[in-house]
Protein chains: 2
Amino acid sequence: MTTGRTTPTKRADARRNEQVLLDAAAAAFVASGVEVPVRHIAARAGVGVGTIYRHFPTRADLVIAVYRHQVDACADAGPTLLAHADSPHQALSRWIDLFVDFLTTKHGLAAALQSDRAQFETLHAWFLDRLVPVCAELLQACVQAGQVRDDIEALELMRGVGNLCIGADERYDARRMVELLIAGLRATTQR
Amino acid sequence: MTTGRTTPTKRADARRNEQVLLDAAAAAFVASGVEVPVRHIAARAGVGVGTIYRHFPTRADLVIAVYRHQVDACADAGPTLLAHADSPHQALSRWIDLFVDFLTTKHGLAAALQSDRAQFETLHAWFLDRLVPVCAELLQACVQAGQVRDDIEALELMRGVGNLCIGADERYDARRMVELLIAGLRATTQR
DNA sequence: TCACGATACGGAGCAGCGTTCCGCTTCGCA
DNA sequence: TGCGAAGCGGAACGCTGCTCCGTATCGTGA
């Protein structure tokens, strides 16, 4: 607006720092979970906290940036699975598997997504925006094939699956619980 | 040990304050959720925060005290339901209903139970200790009646149900998700 | 090559959290 | 009624996410 041409692109050090930050955050998330303090990430990256907040206005933006590729991959897998699976239900089931994989391998991510702390609302919203349409497409195909009851919304299913993935450990197998949920989803002739 | 008889019971003001605190906490939980700051509860009760911490060494102890009666009632309902229901599965289903009722009517309680914040671990442990045996008894009866698959632990089911109750609102009906989970629990002849 | 404005950085500081600590007050028995 | 024990209040501590601004660095036009 003011100059418009002095520095058309980000400064080299800023670009470098952004990548350093993403790497440091990813490492910190693995080491200490997604709730690791911002200060720790800054220290690991060798920068001040101010630098983090300039690149990523809020914690959630940083988490989103770190996991963006994986979430995108999960979203993209939906149509592919639908096209190649034996049945819509199999496609849905496999896609849910991918989603559960993602959530359970990221220490504390599922819990962070559902935490009612305001800082994570953006994160929550972004995940849903990105993945709900994909889930809805799969679900719709299942319903049309008569393989799944028709009174469940994609949003509801996603949130249910996400919730089930919270706090998985050796005594709580989230995948098995999700399996139960998906089994319960099947269209039932008996009632 | 030292005196042993000077003051056999708590002082009157302490007993009074404990009740005031329980009432204030219950009101604060309803008004602002279980994550309401300790300072707010203290202010509502008209006491200092120190007073809260003498009566309830940690937040979790206060939450436990507030909900103790309701949790006890839920635990007691297990055997009763089992004795009077048409089938073990019906008893289990109704008992889970009670549990879901409890969790969803307490704003944020389910989330607090699963939060990985250390302060809530005691709370989480207490809930499970109290309710898992009851659930196990119901589940066992269902399995023996051949109504439910036999490879699910009570702890796992409880945690799954608890997780599903997190963040219920007008767009996410936790009860319906739990219904799916319980439906998925049924013993299946097909595979 | 260099000067200078735009850009980016670091970290002290703020507000809010749970929890601790200790000087003061109140209770209730002897 | 005196006095030791019990209880109370709230300042203070260490932690959090996040903001703000003086300082340092970059990169371009002269």
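Basis for what follows: all heavy atoms, side chains included, without hydrogens, waters or symmetry-related copies. The sequence lines fix the lettering, A, B, ..., with proteins before strands; numbering per chain opens at 1.
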K.L.:
Side-chain contact, heavy-atom cut-off 4.5 Å: Gln147(A) with Leu92(A)?
P.N.:
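SC-SC contact between Gln147(A) and Leu92(A) ruled out.
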K.L.:
Nearest-Å distance, CZ (Arg15(A)) to P (dC9(C))?
P.N.:
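For the pair Arg15(A) CZ and dC9(C) P, the rounded distance is 12 Å.
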K.L.:
Of the nucleotides dG17(D), dC8(D), dG18(C), which one has an atom closest to the side chain of Arg59(A)?
P.N.:
dG17(D)
K.L.:
Choosing from dC9(C), dG17(D), dG18(C), which nucleotide comes nearest the side chain of Pro37(A)?
P.N.:
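Output: dG17(D).
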K.L.:
From CD1 of Ile52(B) over to P of dG18(C), roughly how many Å is that when rounded to an integer?
P.N.:
10 Å
K.L.:
Rounding to a whole Å, what distance do you find between Arg44(B):CZ and dG9(D):P?
P.N.:
17 Å
K.L.:
Atom CD1 of Ile41(B) to atom P of dT19(C): distance rounded to whole Å?
P.N.:
11 Å
K.L.:
Find which nucleotide of DNA chain C each of Gly50(B) and Arg16(B) is nearest to by heavy atoms, and output the residue with the more 5' nucleotide.
P.N.:
Gly50(B)
K.L.:
Please pick, from dG17(D), dG9(D), dG28(C), the nucleotide with the shortest atom-to-atom distance to any side-chain atom of Arg39(A).
P.N.:
dG17(D)
K.L.:
Rounded to whole Å, please give me the gap between CG in Asp61(B) and P in dT20(C).
P.N.:
11 Å
K.L.:
Output yes when a side-chain donor or acceptor of Tyr172(B) lies under 3.5 Å from a complementary backbone atom of Leu155(A), and no otherwise.
P.N.:
no
K.L.:
Verify the contact: side-chain N or O of His55(A) to OP1 or OP2 of dA8(C), cut-off strictly under 4.0 Å; return yes or no.
P.N.:
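No, His55(A) has no side-chain N/O under 4.0 Å of OP1/OP2 on dA8(C).
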K.L.:
Please tell me which of the listed nucleotides, dG10(D), dC9(C), dT19(D), lies nearest to the side chain of Tyr53(A)?
P.N.:
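So the nucleotide nearest the side chain must be dT19(D).
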K.L.:
Whole angstrom is fine here: how far is it from CD in Glu18(A) over to C1' in dA8(C)?
P.N.:
13 Å
K.L.:
Under 4.0 Å between a side-chain N or O of Thr51(B) and OP1 or OP2 of dG7(D)?
P.N.:
no
K.L.:
Looking at Arg171(A), I want to see if its CZ is surrounded by more than 12 non-hydrogen atoms of other residues, nucleotides or ligands under 6.0 Å.
P.N.:
no
K.L.:
Students often mix this up, so state it plainly: with edges at 30° and 60°, are the rings of Phe127(B) and Phe102(B) parallel, tilted or perpendicular?
P.N.:
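Rings of Phe127(B) and Phe102(B): parallel, as their planes differ by under 30°.
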K.L.:
Round to the nearest Å and state the distance from Asp13(A) atom CG to dG10(C) atom C1'.
P.N.:
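Going from Asp13(A) (CG) to dG10(C) (C1'), I get 13 Å.
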K.L.:
From C-beta outward on Arg11(B), which listed nucleotide comes closest to its side chain: dT16(D), dT19(C), dA5(D)?
P.N.:
dA5(D)
K.L.:
How close or far is atom C1' of dT26(C) from atom NZ of Lys10(B), stated in whole angstroms?
P.N.:
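In whole Å, dT26(C) C1' lies 16 Å from Lys10(B) NZ.
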K.L.:
Applying a 4.0 Å non-hydrogen cut-off, can you work out what Ala42(A) is touching in the nucleic acid: base, sugar-phosphate, or nothing?
P.N.:
nothing
K.L.:
With a 4.0 Å cutoff (strictly under), does any side-chain N or O of Asn17(A) reach OP1 or OP2 of dC9(C)?
P.N.:
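It does, given that an N or O in the side chain of Asn17(A) lies less than 4.0 Å from OP1 or OP2 of dC9(C).
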K.L.:
Counting any heavy atom closer than 4.0 Å, what does Val38(A) reach on the DNA or RNA strands: base, sugar-phosphate only, or nothing?
P.N.:
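Sugar-phosphate, no base atom in range.
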K.L.:
Given 3.5 Å as the limit, does a donor-acceptor pair link the side chain of Glu18(A) with the main chain of His55(A), or not?
P.N.:
no
K.L.:
Charged N to carboxylate O under 4.0 angstrom, Asp97(A) versus Arg175(A)?
P.N.:
yes
K.L.:
Counting side-chain heavy atoms from CB outward, which of dG9(D), dG11(C), dT19(C) is closest to Thr58(B)?
P.N.:
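Looking only at side-chain atoms, Thr58(B) lies closest to dT19(C).
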K.L.:
Which sits closer to the 5' end of DNA chain D, Val49(A) or His40(A), going by the nucleotide each is nearest to?
P.N.:
His40(A)
